[in-house]
Amino acid sequence: MGVNLSSMRRLRKRLPLSRQVPRLPPSRVSSMASASAPKCNSHTSENEPVKSTSQDGVNCDLNETVPRLPGETLITDKEVIYICPFNGPIKGRVYITNYRLYLRSLETDSTLIFDVPLGVISRIEKMGGATSRGENSYGLDITCKDMRNLRFALKQEGHSRRDMFEILTRYAFPLAHSLPLFAFLNEEKFNVDGWMVYNPVEEYRRQGLPNHQWRITFINKCYELCETYPALLVVPYRASDDDLRRVAAFRSRNRIPVLSWIHPENKMVIVRCSQPLVGMSGKRNKDDEKYLDVIRETNRQLSKLTIYDARPSVNAVANKATGGGYESDDAYHNAELFFLDIHNIHVMRESLKKVKDIVYPNVEESHWLSSLESTHWLEHIKLVLTGAIQVADKVSSGKSSVLVHCSDGWDRTAQLTSLAMLMLDSFYRSIEGFEILVQKEWISFGHKFASRIGHGDKNHADADRSPIFLQFVDCVWQMSKQFPTAFEFNERFLITILDHLYSCRFGTFLLNCESAREKQKVTERTVSLWSLINSNKEKFKNPFYTKEINRVLYPVASMRHLELWVNYYIRWNPRIKQQQPNAVEQRYMELLALRDDYIKRLEELQLANSSKVSSASTSPSSPSQMMPHVQTHF
Amino acid sequence: MEFSELIRTGRAQAELLRGPEAPPLRGTLCVTSHHLLLSPGTEASPDLWLLLLRSVDSIEKRVAGDSGTITLRCKDLRVLQLDIEGVEATLDIARSIEALSSLESVITSFPFFYRPKGLRLGDAWHFHPPERYYQRVARETNAWRLSEVNEDFSLCPSYPRALIVPHSVDDQALARSAGFRQGGRFPVLSYHHARNGTALLRSSQPLTGPQKRRCAEDEELLRAVLVGARPGARGFIIDTRSAQAAKQARMTGGGTEAKAAYPGWKRLHRPLERGRPLQESFVRLVEACGDLEQSMDRWLSRLEGCRWLAHVKEALSTACLAAQGMEREGACILVHGAEGTDSTLLVTSLAQLILDPLSRTMDGFQELVEREWIQAGHPFQLRCAHSAFSHARPKHEAPTFLLFLDCVWQLGRQFPLSLEFGEGLLLALFEHAYASPFGSFLCNSEKERGLCEVRTRTHSLWSGLNQPKEQRKLRNPLYALNPLAIWPSVEPQSLRLWQGLFLRWTRPPEPSETAWEKVWQIVTDSEKTEGSA
């Protein structure tokens, strides 16, 4: 969705000088532009292949008016002026379906300008009034969740924007109008069922569970122990279901410590939970203390159990006021607690807002690096990565099992456990493995996607919204940059996941937890994002991937080695956009194909040769003799 | 002079620390006339460790108890630490290194002694003669001719013997024009854009002085350039100084082209940093990159404060401007600053890379460096005498050539398929420009190289680099010829710190090398099978 080569081409055409900042003196600019206008192709200098399929395979043949998914219906269309922040106003026709907002140019050729799922919309505002003066001052301003805004100008006569505003509001925020999210209407069929990707029993079996120390419990089968946890949990063998119930009473939202991952050799584990309910009075709970000790003893560990509290210590202390807190030394003799200084969802939301301020619509030019620094976005990324590295290192070095929590254990905790698992276990670096990781640590363990993203909800200022999952994907991207051969998936895979995090086309990220999903029968009534990806895997593969078992990846989490994910955060700006995002990958695939072709031809030749040779009954020449010395020409 | 006089001590026992990644080496340390050697002397690691003394930028010694420590900061930005047994030995070795690494005489430098196996003296010095390019241009157009007016370097000591000038301008006029330009650097052709017949020229500033002198021959020369390109063609003079600086230069005899004197030419000022400020920016950046102690929260603003990336941006923008003028406007371009030996060359060489697919090949790029930097008289000996660590007060040092390499790296990052060479070649050029066993970057001009007999008594860098075994390090396996101009994005968001150079010695080994290895395997396989099939 969203990114369309054709729309990019269109943009280039309109602004031939877009990539060239330096300009000759003003008097020259116009003639330079006109001189080069027909040569728009010279911008696509790295042999850009022209494709008419958008990123996710939706057919958007230029001759067809609106691309339509099965189950998608056209609601309305209208002539508008699209105020492109990069190229100025463009006259176009906007089409609104129950899934997307789609704009086609009405100038010269009817190219696609953009194609945005309504789920991406966070806010719709009217700009200007019926009496506003000035050109294009009356219309709609649409804020999107993916780092851009869309502005339309309409004719002032006859409240022309009212219809559009109402229809957009209705379909972009269906929850407020008792309408279903599009995912429940989507009738797409794929030859792979993404809902089958994650099966918790199979995943735990892959990890070698259950074993003598750890058992699978169905105590939460009907979600009565913990509403936001999955039905199936892995807990120490020595802890009875009654123990678990008593521990649950002492953990915020009953999110008890359960196993996320176990090291195949040293049996150290990563355990996740929420904060203990210590409160102002410093309450203790013998069962919880004993339970943590049982966890420590599962691998006969003599040293203390390591607890990583993701929060800054100040926040952990402050949480006591609302009944929370952290494990104190006095109560937990056999545990050692460290704070990881990762800030809460509100800080992250504000940080990303600042990033948007400096990249959209105009990129900050004169003090780019210090502006970027002042958003603190990369610093937060650094802290999350650093925390995950510590978790991974403790476990992989065999020093100690690790317990991770933050406050409720569904934001920072999910980031830390899933990133640590990605570092420790190469399985999660494959396409399916990563899907399982997301499905397990994020979706099944109740990261509140619905609240954090606000699917179909009009309350754009909701304090529950926060880009926690985006931050996780950013960390994954940083790792994939540093280890270009370690991941089976490419950048497009990550961006596709992020696009559908908002789109509401698939059921994958809907609702807040497993129990809610079960009630809504999400797996029966919606399509999984993994169906789309897994039925078209080649597009999402990293050609440089080299499968490795047992390699632990420790990314460098220093500011020197982190960079802003320009291809995601600044992707709407044609000036910054990479000329051909996947040039290297594509070239590599070409080279591979070329080699295969040569090898095939060589084999054919050899075959032909050997038949000749045998008929002539002379000694056959070996392939190596046939190879002339390879001299690289330079 | 005998080297042995400078060598205080023959040998000592020492341990060498080479940064966080490489294991320490222990063995016998030995100073020779041009090298520092460490011979492990054990069966386990029989390899000899060798450092060209010329590449030492600064040296620091400390003694404690009965041992000492020498910290060597190298011109390639490496930092090495030697722990040496014996106080006397430490001091002696430090003094020897100090004396030998700062020798200024060219003809006693290592290239005059370097005799590698498999290379013959004199080879490859004619690998990339600029004459070949000039002859091609002269042949393909009727507007240009080769001139031997500078055969004995009398017109311009910093120009090579062969030059290419407008066909209609005779040698006498050239001599007049040379007299009107600082250092005799009259306008010559730098690049001929065959697609539309426009030309890129370079020179030094005109000596207008406070009296606003004029020179008819110089004016005629530039007029002839326009006429040769196309009737009615226009030109732009890109002055790499600010308008104010150019005006001020009149006080000291320099200046800039008066509008009225050069009809058809329009002057643009695009100030580029040079000299001391550029060197300081380089020093600050290297300092920041090496400062591992400092809290990293302020890294980005510190990086910005170094201004290095701003210089990269300015250089690329100005080169784009020149290239755009030719490609889009069909205009001729003359680039100059003051001397015309630094930022001028930066702009002309980058503009060629943007426009000319040939200059992006392995051969073409080497030819470009040879023609636009070495032969064009960039004073390498002065500019690269010291790198970023020297405590000596900088006199003529400036990392203009490094800035050029960084800009090329940025182009390669933005167009990963369009350059036939890879980061390896750029790193090699950086190292060799500052300290090299080869003679290519010695001296400041062709004239000096002639006097020192560089061509007959040293080996050319190109012969060293173009050995088949070096190719993997230097070539870009993904290269695919791109016949179009490559317009870089110069937004700050599109420019990156060149980690491969500035963080080369502080970061862990690049895991992406395995990726490149994979690509190479595929390419080699293809070539092999192609050969057979």
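In the text below, chain A, chain B and the rest are named by the order of the sequence lines, each starting its count at 1. What you see below is based on every heavy atom in this structure, not just the backbone, and it leaves out hydrogens, waters and symmetry mates.
Only the side chain of A:Glu563 comes within contact range of chain B, with at least one heavy atom under 4.5 Å from a heavy atom of that chain. Only the side chain of B:Leu309 comes within contact range of chain A, with at least one heavy atom under 4.5 Å from a heavy atom of that chain. The part of B:Tyr479 that comes within reach of chain A is its backbone (N, CA, C, O), which places non-hydrogen atoms under 4.5 angstrom from that chain. Contacts between A:His376 and chain B at a heavy-atom distance below 4.5 Å are absent for every atom of the residue.
Among all heavy-atom pairs drawn from B:Gln499 and A:Arg560, the shortest one is NE2-O, 2.7 Å. Of all non-hydrogen atoms in A:Leu369 and B:Glu304, the two that sit nearest each other are N-OE1, 2.8 Å. Of all heavy-atom pairs spanning A:Ile570 and B:Gln493, the tightest one is CD1-CG, 3.5 Å.
Counting heavy atoms from C-beta on, the side chains of B:Lys313 and A:Glu365 come closer than 4.5 Å. Looking only at side-chain heavy atoms (C-beta outward), A:Asn573 and B:Glu491 stay at 4.5 Å or farther from each other.
Expressed to the nearest 0.5 Å, how far CG of B:Leu478 lies from CD of A:Glu590 amounts to 10.0 Å. Annotation: the span from B:Trp299 atom CH2 to A:Glu379 atom CD amounts to 14.5 Å, rounded to 0.5 Å.
Annotation: maximal heavy-atom pairing with chain B below 4.5 Å, among A:Val359, A:Leu591, A:Leu564, A:Val566, occurs at A:Leu591.
More than 12 heavy atoms of other residues, nucleotides or ligands lie within 6.0 Å of CZ in A:Arg587, so this atom counts as buried by the packing criterion.
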